[in-house]
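Both ligands and their constituent atoms are indexed starting at 1 by order of listing. Quick note: residue numbers are just sequence positions, from 1. Being a predicted model, the structure only gives us computed values, none of them experimental.
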Amino acid sequence: MNILGIETSCDETAAAVVADGREVIANEVYTQIPLHIPYGGVVPEIASRAHIEKIPVVIRRTMEQFKANTPAGAKIDAVAVTYGPGLAPALIVGLNAAKGLALSLKVPLFGVNHMEAHLHTPFLYDRGDEPGMLPPAPESLMPALGLAVSGGHTCWIDMPEYGRYEIVGQTLDDAAGEAFDKAAKLLGLGYPGGPKIDKLAQEFLSNAAGRGEKIDLIKFPQGRVREGVAELAGLPAELCVSFSGLKTALLRHVQKTSPAQDEIPRIVASYQEAIVEAIATRTRNALKRRSYRALVVGGGVSLNSRIRRSLKEIAERSQIPLLLAKPKYCGDNGAMIAAMAYYRRNLTGADAMGADVRPSLEAGEEP
Ligand code: KG4
Ligand code: ZN
C-alpha cells in the first residue's frame, strides 16, 4: 500500500510516499529555516505563507520521485496528513492540500498525529537500503518506551503495543529544542540553536579532553519541576521536566559574568549538559516503572550528539535496544506521516475529509 504523506505543522513543508508503513519511496522536505532566522524563531504567519507557496512544488517533486522509483502504473492508495499538534495557520495549509489531493486521486484521506509519527521514524528505511541493515519491525519491540524530543515537544510515551500511545511524562513548559533555541538567541548564536550549541559544546569537550584537562562545567539546574506542578498535569514528578529555571539561570549567569566570546563554548557545553541530564534522569525513571523491550526516540533534538550518547548508555545498561531514526528523518518530514497512517488506519479510519486542524492534539488522543 503506497501512502502519500503531507506535513506542514511547523517550519518544514514536506511530502513523501511510503510503501506498507516502512519503505520510503520518495521524500521531499523544504525547510523554511532561512525565512525565520531574522526573527530568532518560527513566525506562524510567515510559516503559513511559505507553506502555501511551496506545497505544490514539494508535492510535484515527490510524485516525480515516486514515478521514477516505481514500475509504470504504480499508484497512490491513500493520502495522509498531519492535523495536529502544531501551528494552526501552518497545519491548515497541509490539511487543505491533502483534502484536494485525496479528492482528485479518489483515495481515502487519513489524519495523523505529528508526535506519534515522530516515534515511528526509527522504523523507516529507504528503497534500496541493504536488506540486512533494515531496522526491526516495530511490532516486535513492544512494549516500548517512546521519547519524542523536538522544538515543540519533550514527552515520554508508553507504547504497550504498536499504535497505542500514552504520555507518562513531559515538559511542563519549554520543549528541549526550545530550550536550545532560546539559549542560542540569548547568546547571539543564531537560529536554530540546537545544532549550533551541539557543535560548540562538542568542540569544547573534545578540546578539553585532548589537552587532558578536567572538564569544569558550570552547574545549571537540570529541569527539576516545582512541587505540586506535575501533579496538576496528572503526571508523576519524576517523569516531568521544566526548562524555565534553566533558561533563567543562564540569563543570570550572563548578566552576572558578562562572558567574553571565548567563554561561550564552556557555557553552552554546561547548558547542554543540564538538558542531557534532565532527559537522562527522566528516561531512567520511566524505564524503571515498567519492563520495556526497547527505547524508541524521535524528533529534531535526537540529532544531538550528547543526547544520543547518553541514551545509548542508558539503553545498554537496561539491556534493551535503542532505536534512533536516520538523521534525515529526525526533523519533520512527510515519510513519518505516510508511515504512521498505514499503522493507524484501522484505528482512526479514513474520515479526515471533514476534519479540522487540532493544534493542541496529544499523543494517544483519538480524532
Ligand atoms: O523535530 P523538529 O525538526 O521540529 C519540531 O517538530 O519541533 O525539531 C527542531 C528542533 C529545533 O529546536 C532545533 O534546535 C533542534 O530540533 N535540534 C537540535 C539539534 N538539531 C536540531 N537540538 C540539539 N542538538 C542538535 N544537534
Ligand atoms: Zn516535529
Side-chain angles (χ1 to χ4, degrees), residues 5-14 16 29-33 36-37 39-42 44 47 51 81-87 90-91 94 112-122 124 146-155 157 170-171 174-187 189-205 243 246-247 268-269 271-276 278-279 297-311 324-337 339-340 359-363:
I6 293 178
E7 156 62 38
T8 65
S9 68
C10 191
D11 59 348
E12 266 88 30
T13 315
V29 180
Y30 163 76
T31 179
Q32 305 175 354
I33 286 174
H36 301 289
I37 284 175
Y39 309 92
V42 179
H51 286 311
V81 62
T82 308
Y83 72 107
L87 303 169
L91 289 164
V112 172
N113 182 315
H114 179 92
M115 230 201 305
E116 294 173 3
H118 266 305
L119 290 181
H120 186 68
T121 54
L124 294 173
L147 166 59
V149 267
S150 70
H153 305 281
T154 300
C155 281
I157 295 170
Q170 66 181 10
T171 176
D174 290 346
E178 251 175 309
F180 276 113
D181 295 341
K182 286 181 178 173
K185 191 172 182 181
L186 178 78
L187 296 168
L189 299 174
Y191 175 82
K196 296 192 162 72
I197 290 180
D198 189 2
K199 187 161 172 280
L200 275 177
Q202 225 171 329
E203 281 164 14
F204 171 79
L205 296 172
F243 288 120
L246 171 62
K247 217 173 45 196
V268 298
Y271 185 89
Q272 172 176 277
E273 214 48 36
I275 297 177
V276 172
I279 291 174
V297 185
V301 180
S302 69
L303 283 168
N304 184 274
S305 54
R306 276 288 299 125
I307 290 178
R308 284 176 106 88
R309 191 143 27 96
S310 151
L311 293 174
L324 289 162
K326 286 188 183 189
K328 66 175 171 180
Y329 298 128
C330 286
D332 292 346
N333 62 83
M336 66 184 197
I337 305 305
M340 201 69 247
S360 309
L361 187 68
E362 301 261 21

Beyond-backbone contact of Cys10 with Glu12, side-chain heavy atoms, under 4.5 angstrom: no
Interatomic spacing from CG in Leu87 to NE2 in His51 - rounded to 0.5 Å: 7.5 Å
Closest protein heavy atom to atom 18 (C) of ligand 1, given as residue, atom name and distance to 0.1 Å: Gly194 CA, 3.5 Å
Closest protein heavy atom to atom 9 (C) of ligand 1, given as residue, atom name and distance to 0.1 Å: Gly151 N, 3.8 Å
Which residue and heavy atom of the protein sit nearest atom 15 (C) of ligand 1, plus the separation: Val301 CG2, 3.9 Å
For atom 26 (N) of ligand 1, closest protein heavy-atom neighbour: Asp198 OD2, 2.9 Å
Nearest protein heavy atom with distance in Å, relative to atom 24 (N) of ligand 1: Asn304 ND2, 3.0 Å
Contact flag His114/the Zn ion (ligand 2), N/O/S atoms, threshold under 2.8 Å: yes
Sub-4.0 Å heavy-atom approach of His114 to ligand 1: yes
The Zn ion (ligand 2) - closest N/O/S atom in Asp332: OD1
Metal proximity, His118 vs the Zn ion (ligand 2), N/O/S cut-off 2.8 Å: yes
Side-chain touch Leu303/Pro195, heavy atoms, less than 4.5 angstrom: no
Nearest protein heavy atom with distance in Å, relative to atom 21 (C) of ligand 1: Gly300 O, 3.4 Å
Parallel, tilted or perpendicular, as decided by the 30° and 60° cut-offs, for the rings of His114 and His153: tilted
Atom 6 (O) of ligand 1: nearest protein contact (heavy atom, Å): Asp332 OD1, 3.0 Å
Min heavy-atom dist Gly152 to ligand 1 below 4.0 Å: yes
His118 near ligand 1 by a heavy-atom separation under 4.0 Å: yes
Note, Thr171 side chain near Glu178 side chain (heavy atom, < 4.5 Å): no
Validation row: Glu362, Asn113 side chains within 4.5 angstrom (heavy atoms): no
Protein contact of atom 13 (C) of ligand 1 - nearest heavy atom, named by residue and atom, plus distance: Asp181 OD1, 3.8 Å
